[in-house]
Amino acid sequence: KGYQRFLADFGESAEAKEYLGHVRYNLSAALMQNQKFDAASEEIEEARKVPGLAPEKLENLAFWRGIALMQIGEQDKAR
């Protein structure tokens with residue numbers, strides 16, 4: 001809940017911008033680990049929009065997105 005709170009409190013602020021990639025990536029990972037696939041698929045989409053995310057993190061997000069979509073029955077979108 002700490003990452004979600006950070007986004008709710010500071011997500012739009014200029015000061016938080018440099019941390020958004022880290023926060024959104026870790027929130028995506030936490031949601032996947034807790035098998036909250038619907039929420040994870042939405043958060044992954046937001047994380048992928050953050051500029052400057054490292055290529056390996058973008059690759060992980062794409063992989064997690066596929067898994068999350070498969071788990072919620074969205075096989076067509078998972079491709």
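The shortest distance between side-chain heavy atoms of Leu7 and Glu43 falls below 4.5 Å. Considering only heavy atoms from C-beta on, Tyr19 stays 4.5 Å or farther from Phe10 through its side chain. For the pair Arg48/Arg65, a side-chain contact is recorded, criterion being any heavy-atom separation below 4.5 Å from C-beta on. At a threshold of 4.5 Å between non-hydrogen side-chain atoms, the residues Met32 and Phe37 count as touching. Side-chain atoms of Glu42 and Glu45, non-hydrogen and from C-beta on, never get closer than 4.5 Å to each other.
Partners of Asp9 according to the salt bridge (Lys or Arg N to Asp or Glu O under 4.0 Å) rule, which considers only residues two or more places apart in sequence or in another chain, are Arg5. The salt bridge (Lys or Arg N to Asp or Glu O under 4.0 Å) test applied to Lys36 returns no partner, not counting sequence neighbours.
Ring pair Tyr25/Trp64: centre-to-centre distance below 6.0 Å.
Note that OG of Ser28 and CG of Leu61 are 5.5 Å apart. Values are rounded to the nearest 0.5 Å. Between atom CG of residue Leu27 and atom CD1 of residue Ile44 there is a gap of 9.5 Å, rounded to the nearest 0.5 Å. Considering CG of Asn26 and CD of Gln33, their distance stands at 11.0 Å, rounded to 0.5 Å.
Both Leu69 and Leu58 belong to a single network of hydrophobic side chains, linked directly or stepwise wherever heavy atoms of I, L, V, M, F, W or Y lie under 4.5 Å apart.
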